[in-house]
Every structure is written in C-alpha cells, then in structure tokens.
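Numbered from 1 within each chain, the chains take letters A, B, ... in sequence-line order.
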Amino acid sequence: MSQRRQYPFHLIEPKWQAHWEAQASHRAWNPGDILPPQHPFALRHQLGGQVASAANLPPKCYILDMFPYPSGAGLHVGHPEGYTATDILSRFRRAQGFNVLHPMGWDAFGLPAEQYAIKTGRHPRITTNENIATFKKQIRSLGFSYDWSREIDTTDPIYFRWTQWIFLQIYNSWFNPETRRAEPVSQLPIPADLQRGPEAERRAFVDSKRLAFVTEAPVWWCEALGTVLANEEVIDGRSEVGDHPVVRKPMRQWMLRITAYAERLLEDLNTIDWTDSLKEMQRNWIGKSEGAQVEFRVEGVAAPIVVFTTRPDTLFGATYMVLSPEHPFVSQITRPAQRDAVRNYQETVARKSDLERTELAKEKTGVFTGAFAINPVTGREIPVWIADYVLASYGTGAIMAVPAHDTRDFEFAQKFNLPIAQVIDPPGGKDWRGYTDDGVAVNSSSGELSLDGQPTAQAKQTIIAWLESRKLGRRTVNFKLRDWLFSRQRYWGEPFPIVWRKDASGALCHEALPESALPLIPPPLDDYKPTPDGQPPLARATAWVNLPDGSARETNTMPQWAGSCWYYLRYLDSRNESMFLDRGVERYWVSRDSGRASQTPGVDLYVGGTEHAVLHLLYARFWHKVLFDLGHVSTPEPFHKLVNQGLILGEDGQKMSKSRGNVVNPDDVLKVFGADAFRLYEMFMGPLEMVKPWNTQGVEGVYRFLGRVWRLFVDEKSEVEFEQSCAADASREAEFLKRVQLQAAVQAVEPTAEQLKTLHACIKKVTEDLEGMRFNTAISGMMVFVNDALAWTVKPASALADFLVLLQPFAPHIAEELWEMLSRHAPVRNRDSAVALGYQPWPAFDPARLVESAWEVPVQVNGKLRDKLVAPTGISAGDLEKAALASEKIRPFLEGKNIKKVIVVPGKLVNIVVG
RNA sequence: GCCAGUGUGGCGAAAUGGCAGACGCACGGGACUUAAAAUCCCGGGGCCUUAAACAGCCGUGUGGGUUCGAGUCCCGCCACUGGCACCA
C-alpha cells in the first residue's frame, strides 16, 4: 500500500467541507426566501437580495435519497453508493442552472433502539441521538451536498406531530367507490334507517367506513415471555428467543384500508418512470385477478357457500369443494360424525406457523366435513372438505375444486381419492389430467347450458352471463393485497392520537384527539417491555393512559413505515410549524401546474435499495394518494423516477456480513484514500443498478487518477517544498498548502484544435453519461482526457477550467482546491471567477470541435476485417468503394471471386461481399 | 413452480446492428534510484507459425435463425442472482 499520499486530500477535504457549510453553499431556495447577495446561487442567477418566487427562481430539480435508519453500527459502504450517485447528479444539475433540492434525514423510530433500551435501560432518545450524530459525521465526511437546513428526524416531535396529523386525515376519511377517491367522513351518506336509529349504530357505521379502522387480527402471543412477537420473531411455531411455544391470538389492531386503492395503485404504475422489474414486483404484490364468484347451496343450510374462481369455465369439472379451516360456515355444516376430526384438524392448523403452512413440497392435508353441496350446473352433490391449502384471507376463503385442471386440486384429489372430471381439451393433444392452461371446453353441457366447443375466453363469458342471469354468481375482481396492519405493541414509535371511552350505551368507542393536542409525545418509562398480560409498553404509563374524564389513550404505536411514508414532503418545508406543508411551496417543487408545464411532477429522482421495492414504496404511494384526494398535495404520484442501486458485495464476492468478516468500513477507506477517491471508486465499479464486489485495489486505481489530476495542475517543485515543510512542522500543514503553486505550463492561451477536440470529447462523454446515469463510463471519459492532457507542453487555463467543472460533481474537494489555485494564478477568460465552482455553468459541447479531416476506414470482405484505409472525411461513397477495391491487402481476397455487392456506410466502414 | 435480471480476458468492466475487450485493476518488461516505494514509458484474449514481426485461424454461457455484417435482434436450452411462492 502506498505510503506517500498522491495529494494532500487530508487537508483539502476538511477545508472545503467547512467552506461549504459556512457558505450554506447547497441550500435550496423556496418561494418567499430572501436570497443573500453573496450566496453563489444568487450570484449565478443574479438574484442577490431578491425575494425568491416561483416566477424568478430557475426550474426546480428534486433529487432524493432513501433516508437511513441510524443504526449503532454506523455507515457501511452500501449507503454511500446511492448517495454518491444522487450527489453527483445534484451537483450536475446545479451547474446546469437548476434550483436543486437535495435533502437528508433520519428514519429513526424502530426496533433496535427499543431492544437496546430493554437491555440497558438507556432511553431510545439518547441512543438515537448518538447514532444520528455518528451517521451525520460520516455522511458529512463524504462531501455530499445536502441542504442540512432541511434535515428531518422522524422521532422529533416537530416532525411526528405531522405524522400524527396525517393519520388523523386518514382516520377522518372514507373511500367513496363512486368517485374512487377519499372524502371526509363528515360527508359520508348515512343510510336513512340509521339516521333515526341509536347514535351507537350510526357511529359503528361511520367507523366501519373509515380508512383507518379497528379490527380483531391474530398476532403471535408467547406465554412464557409474556409478550407479543412479530412474524419474523417466530420460527416454526416457537419463539426465536428462548424457543418457547407461541400461539395465534386475536387482538385489537388498527388497520389502514390500502385495499381501497388497489386499482389506482396498479393503474398509476403506468404513469411513472420506474424500472419494469420494480413495477412488476408491485403488480405481483397487488395481485389483481379477474374471475367470478359462484354460489353453492348446501343441504339444510340457508346461506350458500360463495367461492371465487378465475376459471368459471371449468365449473362442470368442480367435483368437490374446500373451505379454509377458519371459514365461518365450517361449524354449521359439519356433520356430527365428523365433528371431532374437523375440530382436531382446525387446532393442528392453528398451531402451524405461516412458514409451515406455506411450505411447498408439503403433502396436502384436509378433512371431510360430512356435508355435500350442489354443483349449480351439473346438479350433482359434491363433498365439502376443509384443508389448509385454501387460505381464509384470499377471495372468499372457499373454493370449488376442479382437480382435472388445477395443480393443487389435482394433488389433493389424488391423495384423497376424489373424482377427477375432464372439462378442458388441451391443444396439441396434451394430457388433460392436470392441464391448467386455456383450451376448449368439453363435457360441459346441461339441459339449459352448453360450453362445449368454446375456447376458454369465450366459455368464461358464456358461463358468467348464465350465472348472472340465474343470480348464482357474478363477475368479480380480486386482489392479493391485504389491508395494512398499522399498529405495533412497541414503545419507540408514534403514539396514536386516539382515546377510547364508553358511550351512553356503555359500548367502548374510539375518538380522535383534536389537532391542538398534537404532538402527542410518548411518556417516559422505566421498563420498555410489554406488560405481563400482553398490553403494549405504553400501558405501563398509567398516569399518561388514563385521562381525568375517564377516557383512556390508545397504547399501540405506529409502525416504522409511518414516518417514511411522507418524509419527502416534509423536506419541502421542514421548518413550517403551522402546517405539514405550505401549498405554494408544494406547488413550486412538485406540481406540474406551477406555470412550468415541462417540469417533472413529484420527486425528479429517487434512489435507494431494492429491499424497499414493495412495502415502503407502496405505503408511501398510498398515503400520497390519500393526501392528493383530500387536496393536500397536487400530484397523484410521489416519485416520478426511481432507480435501485445494486448491492455491494465483499471482496470475496459474498454478501457483506459481520460473521463472514468481509465488511468494508468507509472510514478506513477514507483515511487512506480520501473521500474523493472513495466516491469515484463507488461509481467506477460498474453500472449503478448492478450487484458488484468491492475491491480495495480498485480504489487505488481511481486514487492514482486523482493524483494524475493533481499533477496536471501543480508545480512539482513547490509541492516537494510543501511536503518538506509539512515534515518539519506538521501543525502548520494547512497553512503550507497555500504554497503549492500552479505549474508554469498552465497559461492563459487559446487551446489548439487538437486540445479542443480532447476537451469536447470529454464534455460530450461526461454530459451524455450523466444524463443516462452511466457514472462509470463518464469517469473513464475523464481519465482519457487526463491521460491526454498530461502530455500537453502548454496547458490552456480555459480548457483545464472546463475540465474542473466536469470533475467537480464527482470529486468536489480536489476540484475546488485546483479551481482556487487556477483562479489565483492564471486568469480564466471564459469563466466568471466571482461564481463558486459548484455554480459555474456546465460547459457546452460543440460538435464542430470533434470534426476530423481524415478518418480510418475499416474494410471488410464478407464481414471479416481485411484492411484499414485512411480517407478524407468528406469522401464520397463511390470514391471510398474505389479505394477499398484498389487496396493491396484486399485484392488477394477478391481474386477469382465474383463481387456481388459492396456496402459502403459513410463514417463507418466498407464491406465487400464476394461469392 | 412463477416473474424479473445477469452471463464478454486472470479480475471490475466497455461497445446507436458496423474494427470486441475503451477505462481501470492485477501481471510482465524498461527508465529513474545505492535499493525500495512512488512516478513515468512499453506490453498485453486464445491458438498456430516465427529469432521477432507480418499474415492466418478461433473467440462475448449454449444450440439454432434473421442480416452484407450479431456481444447487440428473434427462437430454444443451460447457469447464476433477486423477488414472489398453495393467491383458486
């Protein structure tokens, strides 16, 4: 490893970080802000001293990172990957003249801080603050151009006050299926019979329509630990900690009605610029499927069993039915002889974990209820079973089994010897048994209906029409998406702004706190564990929970997702104390109708890891749509363009983890190579969205490149003197740095045509690659420039200045230092030296500079390269053909052959086809 | 099982259907040095031939196809990675 530093990054980097901070260089400006006269943004746009407004501000650009959870372990090399990419683009857009919003904050509620508190008794507030301080220090040391004046922390009451406020907006809304949007619950039409009835019934009706509602949902309860566990804390029906048995236990939970938005969440994916794979993941998660509900009568039971099927055309092949073990009809229809078997089975299933239930390769299990239903088209009696391969939570929790044409039903029928009847004729003579794709209906006729001979699509239409005419079923759409379980039995989260009280009839009911009661701050506790009877930790604070008027506070808290659902909005106006977000500010930053028709709606670019492909991004889209419906934001989608950065693996090509011992700590890298080299390497490794292994020797490569950039500018003798001075008195290093001189070869002269060609090739490459987020090739373009420019005997200051503007987004510290040196010693005529480097206009690419007088023409015979000619650029196709045919090296390949065709592509090549 | 992505030198990678391997790492040779480090210069996919070079042949996971021309487009297969996974 290198001993001598390539250049004094250890002095340069802190120097410029302090400078940017002192100048607030990267502040983004809201309409209404007064622009300081000396701020580089004001100087660049000649707005010094003026009040910013949507009219005088340049176009906006909102570039967002997924904010981190500030863990105790500090930053790892994965974090800065996306952060570097967005920082480079932010700096690029500033140079292009945009008003760039590039903020950072902390997603700081969460389990680790709470678990640490349970172990040590230290309040999560304290450890969270410490972790934030560590993260912030590390992030700053990388030189990212965040606007820290907008920093947010989801655990800060001035932030979560508005998280609670948004919850109240959701709570006070219902989804109107007619208008397909959220509306205030105060406008909910109350049915006439309820209007005159008791108040309790009216309230129950309203509560059943709210977008935030209460339900009994099963959670994992561990008797031995005296606590509720999260899904991921339960392994094979036992607790992860201590290996104690756990049971499913219904508990009162808050839910958010995201299912109401399923259709819009799906449709609007078509309006945003995300990768196809990401959209596909969301589509699969939402899981729309079209089909029909069909009713089956059971002898002696009044209500029919309703099933959902996507293949109503196979109804004639339904030879049995299956209910999920939890289906409410099970106890009604079970015959006495089967009662014990059914109850046993239900209990076995209840004890299984989700994992066990969904384990593939598992044998199908189930029990006959003794009951028979009537197939509505064949009129035949079919047995009704219960089995855990039918899920209670999807569709109607019951299916018609068509074993001939459904894999699961086929397996089940084989195991339990149930009849299998063919009703689809597969194309191409395939075996019909277990065939699940489309085909032609067969054996599907009754006295009044026939599907025979109809292809699947048509048969579906026919049968649905018939079912609807007989009131035996109807067309239905189903979604996999479930309502969002929104409550947690935790301490370190936002308390719900809800109280419970008894109404006149003595029934318990919930009620929202007034907005004036926000923020509702969690009470201090000595013990952060749940109570022995399974109440959330907040229940321990009895003085906080029980209010003087006899009502009691909700003791659940919100999940970690809540704070991250809307943080991108708070950045726009993070210090606003009277509103969650000012409408005028919102309009400037995200709206399409801000008077700038061409502007991107919402966040221009959002970069983060794939691990949030579904949950965070779906939840945030949901909240945004509710806020949109209620008129609080002006776009239906929050994130216009989204890019996932790829994982960085350890040097061994394995996922980084403590147990493998292959974790790379950014601090160590920074110490040896500096922040600029670190940033450059993270981008040079390969395309942003690819998975790629870390390689410390690769860092040395880009570090050497920065050393060459340094030597392109500085005078060697002055640098040697600087180093000797530093060796003599290390305490005065920063002062000695000023003695490093620009080399004499850098002069205020016009570049030659050759030099301009090199420069403009670099401008073109870097500009185009940044637009396409191809950071790795942009860097290689700059390397080519530097390799070339090092050989120049006279180095025109203007060309070097343009290069520094290109380099600045990638390696801002060294670029600033060299810019300062350059401006000190050699006047740069094409640049206004009053404007800071970060706001210098991006150099314009001039295609005329790349024009060559001659060019090397590859000549192929039958597609194989045989010669290269040198021809003038403007040569005609005919002349080029003649020259190619006349070539010494080509002639042997043409001898004795017929020239069939000659393909001449001007600017590309010549291909002679012979036969 | 389903969906998506990726397969190119020793390694990270690059190539609007037009000279495969830019740029970088590692490696080898040279210059500077008492020596090393750093720096600078040169070399570089494989095979075959050759003293060396030129020339030639092969080469982008694999098998086909389209095309004057395919890493790139189309069809089949294989491997790896990620997501979903009894969703009727």
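- Pair assignment for B/rU6 gives B/rA79, based on Watson-Crick or G-U wobble hydrogen-bonding distances that are each under 3.5 Å.
- Nearest nucleotide to the A/Gln6 side chain, out of B/rA88, B/rC3, B/rU39: B/rU39.
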Please list, for nucleotides 27-35 of chain B, all pairs of protein and nucleotide N/O atoms separated by less than 3.5 Å.
none

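- At distances below 3.5 Å, at least one donor-acceptor pair connects side-chain atoms of A/Arg621 with backbone N or O atoms of A/Leu265.
- Pairing for B/rG59 is absent, judged as Watson-Crick or G-U wobble with the two contacts each under 3.5 Å.
- Between the A/Arg711 side chain and the A/Val709 main chain, no donor and acceptor come within less than 3.5 Å of each other.
- When each of B/rC23, B/rC25, B/rC58 is scored by its nearest atom to the side-chain atoms of A/Lys864, the top-ranked nucleotide is B/rC58.
- Regarding A/Asn284, its CG atom lies at a distance of 6 Å from the C1' atom of B/rC3, rounded to whole Å.
- No donor-acceptor contact under 3.5 angstrom links the side chains of A/Tyr435 and A/Thr407, judged on distance only.
- Following rounding to the nearest Å, A/Glu719 (CD) and B/rA38 (P) show an atom-to-atom distance of 16 Å.
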Pick out the pairs of N or O atoms, protein on one side and nucleotides 73-82 of chain B on the other, that lie under 3.5 Å.
none

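- The residue A/Ser289 sits close only to the backbone: its heavy atoms come under 4.0 Å of sugar-phosphate atoms, none of a base.
- Considering all non-hydrogen atoms of both residues, A/Arg311 and A/Ile424 come closest at NH2-CD1, 3.6 Å.
- Taking only side-chain nitrogens and oxygens, A/Lys692 never comes nearer than 4.0 Å to OP1 or OP2 of B/rG12.
- No hydrogens or angles considered: nothing links the side chains of A/Tyr389 and A/Ser324 as a donor-acceptor pair under 3.5 Å.
- Base pairing of B/rG1 is made with B/rC84, judged by Watson-Crick or G-U wobble geometry with both donor-acceptor distances under 3.5 Å.
- Between A/Phe9 and A/Tyr7, the angle of the ring planes goes over 60°, which puts this pair in the perpendicular group of the 30/60° scheme.
- Judged purely by distance below 3.5 Å, without hydrogens or angles, the side chains of A/Asn644 and A/Thr610 never pair a donor atom with an acceptor atom.
- A/Glu81 and A/Lys692 are joined by a salt bridge, as a carboxylate oxygen and a charged side-chain nitrogen come within less than 4.0 angstrom of each other.
- Protein atom CD of A/Glu768 is 12 Å distant from nucleotide atom P of B/rA15, rounded to whole Å.
- In a base pair of the Watson-Crick type (N1 to N3 plus N6-O4 or O6-N4) or a G-U wobble (N1-O2 and O6-N3), with each distance short of 3.5 Å, B/rC32 is matched with no nucleotide.
- If you find the closest nucleotide of RNA chain B to A/Met685 and to A/Ala398, the one lying nearer the 5' end belongs to A/Met685.
- Taking a pair to require two hydrogen-bonding distances under 3.5 Å in either a Watson-Crick or a G-U wobble arrangement, B/rU49 remains unpaired.
- Residues A/Arg774 and A/Phe893 both approach RNA chain B. Their nearest nucleotides, taken by heavy-atom distance, put A/Arg774 toward the 5′ side.
- Salt bridge absent: A/Glu411 and A/Lys415 never bring a charged side-chain N and a carboxylate O closer than 4.0 Å.
- The aromatic rings of A/Trp561 and A/Tyr619 sit perpendicular to each other, their planes meeting at more than 60°, with 30° as the lower class boundary.
- The residue A/Arg283 sits apart from the nucleic acid: no heavy atom pair falls under 4.0 Å.
- If you check B/rA14, B/rC86, B/rG12 against the side chain of A/Lys364, the one that comes closest is B/rC86.
- In this model, the phosphate group of B/rA26 is approached by a side-chain N or O of A/Arg704 to a distance below 4.0 Å at OP1 or OP2.
- For the pair A/Glu723 and A/Arg5, the salt-bridge criterion is not met [side-chain N within less than 4.0 Å of a carboxylate O].
- Separating the CG atom of A/Asn695 from the C1' atom of B/rG10 is a distance of 13 Å, rounded to the nearest angstrom.
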Could you list the protein-to-nucleotides 17-22 of chain B atom pairs, N/O on both sides, closer than 3.5 Å?
unit_1 : atom_1 : unit_2   : atom_2 : d
B/rG18 : N2     : A/Asn911 : ND2    : 3.4
B/rC19 : O2     : A/Lys868 : NZ     : 2.5

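- With hydrogens and angles disregarded, a donor-acceptor distance shorter than 3.5 Å links the side chain of A/Arg679 to the backbone of A/Phe810.
- To the nearest angstrom, P of B/rG12 lies 17 Å from CD of A/Glu682.
- Classification of B/rG29 as anti follows from a glycosidic angle more than 90° from 0.
- Ion pairing between A/Arg433 and A/Asp431 fails under the 4.0 Å rule for side-chain N and carboxylate O.
- Regarding contacts with the backbone of B/rG24, a side-chain N or O of A/Arg708 is found under 4.0 angstrom from either OP1 or OP2.
- As judged by a 4.0 angstrom heavy-atom cut-off over every strand, A/Asp409 is placed among residues making no nucleic acid contact.
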